[in-house]
Amino acid sequence: MATYQNLHPWTVTPAEAVALQQRLRERVRIEPLPAEPETIAGCDISFNKYEETVYAGIVVLRLSTLEVLEEVGVVSTAPFPYVPGLLTFREGPALIEAWQKLTIEPDVVMFDGHGIAHPRRMGIATHMGLWINRPSFGCGKSVLAGKFDDPAPERGNWTPMLHRGDTIGAALRTKNKVNPVFVSPGHLIDLPTAIDLTLRCDGGYRLPEPTRRAHLFVNALRREHLSPSD
DNA sequence: GCGACAG
DNA sequence: ATCTTGTCGC
């Protein structure tokens, strides 16, 4: 079972959640990876609109081949609504449950959302990275904080995401003439490495394979849960 | 005060 | 995020 650090309770008020993010901020470390990673995981959540049940999943891939090595999923309940800036308090609990079921401890974890590209530099990738004490980064589909110039149309080009004088991430083109994705360091990794890993996880789609696979996995989990016998 | 606002 | 088929454009 993969381990994690219980840093705080999840049952908190929005104001307490913000205070926790500010307190955890000083523990974040943006630095290069200690070694070349062999495995990378993707995480995602799926749910039915208006329902509190959430389906969380984590897929571990071998970085060199992008083959799936392990998939774990859980059916849980979100104790918090979606509030911009407080996404971790909605998806974190279920993702930790899934993380506990992993047999493989991935070398780096990619999240569907942002890392430090957050108003308080505490996006889901950063926050979860602290809980699992593992290199982590975010790869989101839209911006939460910061501004950027459109990167050149060819895959591989990127422009910095700027917020209050800081470079918090990158608008990265993962596919020619397709909208960029937004990459930012979570914890125990740096921006150049996060960009490099995102490009190396190319499966021919806009979204990198870890995230794309996790998305397909949790959607399948949700559908089979509604129709157990089909 | 007004607009923006990950999933 | 989720609800959903076809369709415009490269």
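Every chain is numbered from 1, with letters handed out A, B, ... down the list of sequences. None of the values given here were measured: they were computed from a predicted structure.
Distances shown here put a side-chain N or O of A:R222 below 4.0 Å from the OP1 or OP2 atom of C:dC3. OP1 or OP2 of C:dT2 lies within a sub-4.0 Å distance of a side-chain N or O belonging to A:S46. Within the structure, a side-chain polar atom (N or O) of A:Y82 is placed less than 4.0 Å from OP1 or OP2 of B:dA6. A sub-4.0 Å separation between OP1 or OP2 of C:dC10 and a side-chain N or O of A:N176 is absent. Considering only side-chain N and O atoms, A:S142 lies nowhere under 4.0 angstrom from the phosphate OP1 or OP2 of B:dC5. An OP1 or OP2 oxygen of C:dA1 is reached within less than 4.0 angstrom by a side-chain nitrogen or oxygen of A:K141.
Comparing atom distances between the A:R90 side chain and each of C:dC10, B:dA6, B:dG7 picks out B:dG7 as nearest. Among the nucleotides C:dC10, B:dG7, C:dT2, the one closest to any side-chain atom of A:K177 is C:dC10. In this structure, the nucleotide among B:dA6, C:dC3, B:dG7 sitting nearest to the side chain of A:L144 is B:dA6. Checking C:dC3, B:dC5, B:dG7 against every side-chain atom of A:L87, the shortest atom distance belongs to B:dG7. Listed candidates were B:dA6, C:dT2, B:dG7. Nearest to the side chain of A:D44 is B:dG7.
Residue A:D112 holds its CG atom at 9.5 Å from CD1 of A:I45, rounded to the nearest 0.5 Å. Rounding to the nearest 0.5 Å gives a distance of 8.5 Å between NZ of A:K177 and CD of A:E154.
Ring to ring, A:H187 and A:W131 are not that close: their centroids are 6.0 angstrom or more apart. Remark: aromatic rings of A:H127 and A:H114 are distant, center separation not under 6.0 Å. Centroid-to-centroid, the aromatic rings of A:F89 and A:W10 come within less than 6.0 Å.
Taking atom CZ of residue A:F148 and atom C1' of nucleotide B:dA6, one finds them 13 Å apart after rounding to whole Å. The distance between atom CZ of A:F89 and atom P of B:dC5, rounded to the nearest whole Å, is 22 Å. To the nearest angstrom, P of B:dA6 lies 14 Å from NE2 of A:H163. Here the P atom of nucleotide B:dG7 and the NE2 atom of A:H127 are 18 Å apart, to the nearest Å. For the pair A:K175 NZ and C:dC10 P, the interatomic distance rounds to 15 Å; values are reported in whole Å. Following rounding to the nearest Å, A:R212 (CZ) and B:dG7 (P) show an atom-to-atom distance of 17 Å. Protein atom CG of A:N219 is 13 Å distant from nucleotide atom C1' of B:dG7, rounded to whole Å.
Residue A:G138 is classed as having no contact, given no heavy-atom separation below 4.0 Å to the nucleic acid. As judged by a 4.0 angstrom heavy-atom cut-off over every strand, A:L95 is placed among residues making no nucleic acid contact. Among the atoms of the strands shown, only primed sugar atoms or phosphate atoms (P, OP1, OP2) are found under 4.0 Å from some heavy atom of A:G140.
Tested against A:T39, the residues A:L63, A:V108, A:D107 include a single side chain to side chain contact (heavy atoms under 4.5 Å, CB included) partner, A:D107.
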